[in-house]
Participant: 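For reference, the structure I am asking about is given below.
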Amino acid sequence: MEAFNYSVKSWWWCCLLGFCILFASAASFPVPETLVAEGETHYHEFVVQATPVKRLCKTHTKITVNGQFPGPTLEVRNGDTLVVKVVNRARYNVTIHWHGVRQLRTAWADGPSFITQCPIQPGGSYTYRFTIEGQEGTLWWHAHSSWLRATVYGALVIKPRAGTSYPFATPKREFPILLGEWWTSNPIDVINQALRAGAAPNVSDAFTINGQPGDLYNCSRKDTVIFPVNSGETNLLRIINSAMNQELFFTIANHRLTVVGIDASYTKQLATSVIMLGPGQTTDILITTNQPAGRYYMAARAYATAPNVPFDNTTTTAILEYQSIPCPATKSRSKSKSKSKCTSSQPVFPFIPAYNDTQTVTAFTTSLRSPANIRAKVPTKVDVSLFFTVGLGLNPCNPGRTCQGPNGTNFTASMNNVSFVLPSTLSVLQAFYRGVNGVFTTNFPPFPPTQFDYTGNVSRALWTPTRGTETYRLKFGSTVQLVLQGTNIFAAENHPIHLHGHDFFILAEGFGNYNPRTDPAKFNFVDPPLRNTVGVPVGGWAVIRFVADNPGAWLMHCHFDSHLTWGLAMVFLVDNGVGELETLEPPPADLPRC
Ligand code: C2O
């Protein structure tokens with residue numbers, strides 16, 4: 001199935017702009033900056049379909065987009081509009097989420113199943129339309145229903161706005177690098193079976209780089225991904241953690257990584273030998289090919305923080321290959337074949353931190369900084385102050401069932417002791433927009449209903465959360481401070497918490513219980529990193545601030561899909577503000593029905 005992908009200069013955009021300017025001068029209010037730039041519109045068709053894919057010696061039918069795994073890379077500029085028609089030819093319900101895209105006034109295009117839309121049913125289709133506004137760097141897209149995102153994902157590359165360039169020398173080459181997680185069986189069966197049993201889902205069989213496990217796995221060597229480079233270049237690598245349930249270290253043998261962006265926001269340049277990404281996070285790095293011409297492994301493997309919890313401890317690799325590798329004279333048997341390149345040489349293997357090396361992770365995440373000009377943007381006055389616990393829980397087994405969670409229980413997870421339940425008759429956003437009662441409550445607690453020693457020895461009486469579709473309502477424009485506090489319930493763990501529709505500043509992070517008297521002294525108001533996903537330290541906390549400037553229903557959740565499935569989520573409802581530019585657009589006519 002060939003996709004039709006093309007872009008048109010939007011002449012009508014100019015007309016709209018002209019109209020706005022006329023209208024603006026007549027009504028004398030300023031034209032918003034976002035309408036001034038002229039963007040292109042890119043049209044794509046995504047056909048979600050079953051496709052045979054062979055990995056680790058076995059062919060399985062996986063759900064893909066356009067038969068590609070990973071799915072197509074979308075490339076746009078800041079200011080461009082994307083129109084993606086998603087056609088569902090698979091046997092599962094599906095939605096696509098544009099991870100990290102602000103979706104200003106277009107919450108209908110955000111994608112999480114039963115939050116902003118009912119899923120696209122088999123045979124159905126839905127067209128996502130949205131504009132990239134003020135974001136540059138790397139984001140990605142993925143399925144947002146059940147566990148389909150295990151194979152339904154791809155990169156979203158956002159180049160600088162037309163007529164502008166990077167805040168660093170233009171790289172010679174650019175490579176999107178998607179880190180994934182592979183199950184030999186059907187990922188949907190993996191989660192459904194785990195839910196039936198109440199147990200943790202089986203860990204994956206491999207990690208992948210751009211869909212390939214690499215040299216260290218069975219039957220994979222001939223398909224290892226190779227990134228060709230020449231000596232003396234500076235290249236941009238756009239790393240995306242699209243794994244389901246695993247935070248990952250990423251490193252390249254003998255090459256320094258210079259971080260220049262995270263989650264589609266630029267950073268101060270940060271030199272390091274290794275980076276860590278939670279699922280959902282992206283990191284743009286520059287590498288200079290200043291090493292002896294040769295072959296160098298890049299590798300990713302787990303950063304695993306929950307004690308005594310099984311994880312996939314395998315290592316995925318790809319090869320950075322200088323195109324002028326000299327072949328040792330004795331080994332070059334055929335002169336005619338590949339004169340300048342010696343691809344038989346064994347790549348150099350990098351040092352990767354230990355699976356539980358929290359010290360390295362902390363040193364890295366706390367060194368990330370926004371560029372210096374960010375200060376004015378960090379909200380200093382707080383309208384709404386929130387404190388959410390994030391962690392696991394255990395539910396008792398229903399009589400007559402056998403549950404395979406710890407001590408015969410069921411695994412669950414919650415925020416502020418509420419385990420989130422997806423609606424099934426209408427999405428939260430539709431119910432909010434139309435004022436339909438009975439789909440959700442606005443009772444999500446701003447503080448934990450019971451205060452306890454979150455990172456101490458937590459009483460068993462506090463291990464079982466309540467259940468509900470609970471949301472927290474925010475006035476348009478309110479500034480929100482949110483303390484995310486990890487708990488020790490069952491197992492402390494670093495949780496990658498993702499907020500839809502907003503970027504947030506990470507003011508501080510730490511271990512143990514957040515202390516409201518002493519910890520605010522550690523807040524960085526000068527150059528805190530701006531992200532859409534924060535790793536809440538294992539047995540610790542993180543403080544974020546954001547402005548609720550985007551009307552809609554916005555899911556916030558742990559980006560480990562197992563935890564999301566267990567209910568580690570909540571929804572912010574953001575009201576409309578004043579006037580059209582602060583008001584959610586009406587729903588598209590083809591919005592799927594439940
Ligand atoms: Cu990347 Cu709610 O997701």
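Ligands are counted one by one from 1 in listed order, and the atoms in each one are counted from 1 as well.
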Participant: Cation over ring, K62 on W182, under 6.0 Å and within 45°?
Facilitator: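 So K62 does make the cation-pi contact.
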
Participant: Give a yes or no on whether the ring-centroid distance for W98 and F130 is below 6.0 angstrom.
Facilitator: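 Yes, the ring of W98 comes within the 6.0 Å limit of the ring of F130, centre to centre.
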
Participant: Please give me the protein atoms (N, O or S only) lying under 2.8 Å from atom 2 (Cu) of ligand 1, ordered by chain and number.
Facilitator: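 H144 NE2, H500 NE2, H557 NE2, with waters left out.
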
Participant: Determine whether D284 and R238 satisfy the following criterion, salt bridge (charged side-chain N to carboxylate O under 4.0 Å, His left out), listing intermediate values before the conclusion.
Facilitator: CA-CA 5 Å; D284 288 358; R238 301 170 176 274; 3.7 Å; yes

Participant: For residues 109-118, run the donor-acceptor check on the side chains, cut-off 3.5 Å, and write out each pair with its distance to 0.1 Å, sequence neighbours left out.
Facilitator:
unit_1	atom_1	unit_2	atom_2	d
D110	OD1	H97	ND1	3.3
D110	OD2	H500	ND1	2.7
T116	OG1	G111	N	3.1
Q117	OE1	Y128	OH	2.7

Participant: Any donor and acceptor pair, going by atom type alone, linking the side chain of T487 with main-chain N or O of Y454 inside 3.5 Å?
Facilitator: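 Side chain of T487 to backbone of Y454, a donor-acceptor pair under 3.5 Å: no, none is there.
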
Participant: Is it true that the side chains of D80 and H42 contain a donor and an acceptor less than 3.5 Å apart?
Facilitator: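 Indeed, the side chains of D80 and H42 share at least one donor-acceptor pair under 3.5 Å.
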
